[in-house]
Amino acid sequence: MSQQQKFKACPSCGNANLRRLDGNSWFCLDCDWDNLNVISKGNDELLSSLLHGDIHSRRIAAQALINIGDADRHLASLMDTNALLEALDDEDADVRYFVAVALGKLEASLTLGKLKQLARDDASALVREGAKTAVEQIESRHLP
């Protein structure tokens with residue numbers, strides 16, 4: 001039987017703004033630290049799980065997206081924008097949050113309308129915050 005890890009503060013930044021998802025899956029909302037497993041399979045399988053998997057599979061796939069920009073775990077590209085945009089409508093708030101953050105890291109300007117809507121109207125405060133951050137990232141890169 002494996003023992004679950006418990007974190008009171010982020011090992012990277014020291015802040016207590018941590019989120020636990022499934023089992024031992026943790027991430028920091030402040031600095032993007034996580035202890036998530038590397039997914040070594042290609043984008044097609046990841047995106048298929050994100051869009052068509054059960055709740056656990058969708059969460060794991062969405063969690064993987066938070067690592068966009070990490071050279072060792074770069075998992076999506078602008079070519080995946082349509083699939084990610086579709087995943088913003090997922091019923092699970094954690095999935096929507098991770099996808100919004102990923103779109104911000106990808107600087108996917110074509111998703112600004114949907115991200116602004118989520119930042120304004122999503123039922124989850126976490127999703128609203130993730131979408132707001134994504135909008136800010138995209139706009140800071142694409143404004144003259």
Side-chain angles (χ1 to χ4, degrees), residues 5-144:
Q5 289 180 299
K6 293 186 180 180
F7 293 95
K8 292 185 179 184
C10 173
S12 180
C13 71
N15 293 338
N17 201 6
L18 293 173
R19 175 106 174 179
R20 180 172 162 241
L21 297 169
D22 296 324
N24 284 326
S25 298
W26 292 82
F27 71 96
C28 178
L29 293 166
D30 293 331
C31 74
D32 286 342
W33 168 87
D34 67 66
N35 68 343
L36 307 175
N37 292 329
V38 174
I39 295 179
S40 59
K41 298 180 179 169
N43 287 0
D44 291 342
E45 200 167 312
L46 177 70
L47 294 174
S48 179
S49 291
L50 178 67
L51 297 176
H52 307 294
D54 62 20
I55 184 66
H56 181 72
S57 297
R58 293 193 325 270
R59 279 185 178 172
I60 295 299
Q63 288 172 26
L65 295 171
I66 201 84
N67 295 305
I68 288 173
D70 180 331
D72 296 329
R73 299 191 280 181
H74 192 94
L75 295 169
S77 69
L78 284 173
M79 292 175 28
D80 302 319
T81 300
N82 287 339
L84 298 178
L85 191 57
E86 184 178 336
L88 286 176
D89 291 324
D90 196 278
E91 64 189 47
D92 185 73
D94 289 332
V95 171
R96 294 191 310 275
Y97 167 79
F98 281 117
V99 171
V101 170
L103 287 166
K105 288 183 176 188
L106 285 173
E107 299 173 10
S109 59
L110 296 175
T111 64
L112 269 173
K114 180 66 174 181
L115 288 168
K116 286 179 179 180
Q117 176 196 354
L118 288 177
R120 193 179 52 245
D121 301 331
D122 197 273
S124 166
L126 181 65
V127 175
R128 290 192 306 272
E129 189 61 35
K132 179 182 173 191
T133 299
V135 167
E136 290 169 358
Q137 286 177 313
I138 294 167
E139 287 182 337
S140 72
R141 301 281 189 191
H142 291 94
L143 289 178

Does Lys116 form a side-chain contact (heavy atoms from CB on, under 4.5 Å) with Glu139? I'd like the steps, not just the answer. CA-CA 11 Å; Lys116 286 179 179 180; Glu139 287 182 337; 3.0 Å; yes

Pair Asp92 + Arg58: basic N to acidic O under 4.0 Å: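 Salt bridge: no.
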
Considering only heavy atoms from C-beta outward, does the side chain of Leu50 approach that of Asp90 to under 4.5 Å?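 No, too far: nothing below the 4.5 Å cut-off.
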
Taking the side chain as everything from C-beta on, heavy atoms only, tell me whether Thr111 gets closer than 4.5 Å to Leu106.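 When only atoms from C-beta onward are counted, Leu106 and Thr111 do not touch, as no gap falls below 4.5 Å.
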
Salt bridge (charged side-chain N to carboxylate O under 4.0 Å, His left out) partners of Lys114, counting only residues at least two apart: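 Here the qualifying residues are Asp89.
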
Residues that Asp54 engages under side-chain hydrogen bond (donor to acceptor under 3.5 Å, both in side chains), provided they are two or more places apart: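 So Asp54 forms a side-chain hydrogen bond (donor to acceptor under 3.5 Å, both in side chains) with Ser57.
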
Arg128: partners by side-chain hydrogen bond (donor to acceptor under 3.5 Å, both in side chains), with sequence neighbours left out: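 If we apply the side-chain hydrogen bond (donor to acceptor under 3.5 Å, both in side chains) test to Arg128, skipping adjacent residues, there are no hits.
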
Distance in Å, [X] [atom1] paired with [Y] [atom2], rounded so as to fall on 0.5 Å steps:
{"X": "His56", "Y": "Ser49", "atom1": "NE2", "atom2": "OG", "value": "10.0 Å"}
{"X": "Glu107", "Y": "Ile138", "atom1": "CD", "atom2": "CD1", "value": "8.0 Å"}
{"X": "Leu103", "Y": "Leu112", "atom1": "CG", "atom2": "CG", "value": "10.0 Å"}
{"X": "Phe98", "Y": "Ile60", "atom1": "CZ", "atom2": "CD1", "value": "9.0 Å"}

Which heavy atom of Val99 sits nearest to which heavy atom of Ala87, and what is that distance?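 Closest approach of Val99 to Ala87: CG2-CB, 3.9 Å.
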
Taking side-chain contact (heavy atoms from CB on, under 4.5 Å) as the test, write out the residues that go with Ala131, two or more places apart.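 By the side-chain contact (heavy atoms from CB on, under 4.5 Å) rule, Ala131 matches Ala100, Leu115, Leu118, Ala119.
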
List the residues meeting side-chain contact (heavy atoms from CB on, under 4.5 Å) with Ala93, not counting sequence neighbours, and say none if there are none.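 Listed in chain order: Arg96, Ser124, Val127.
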
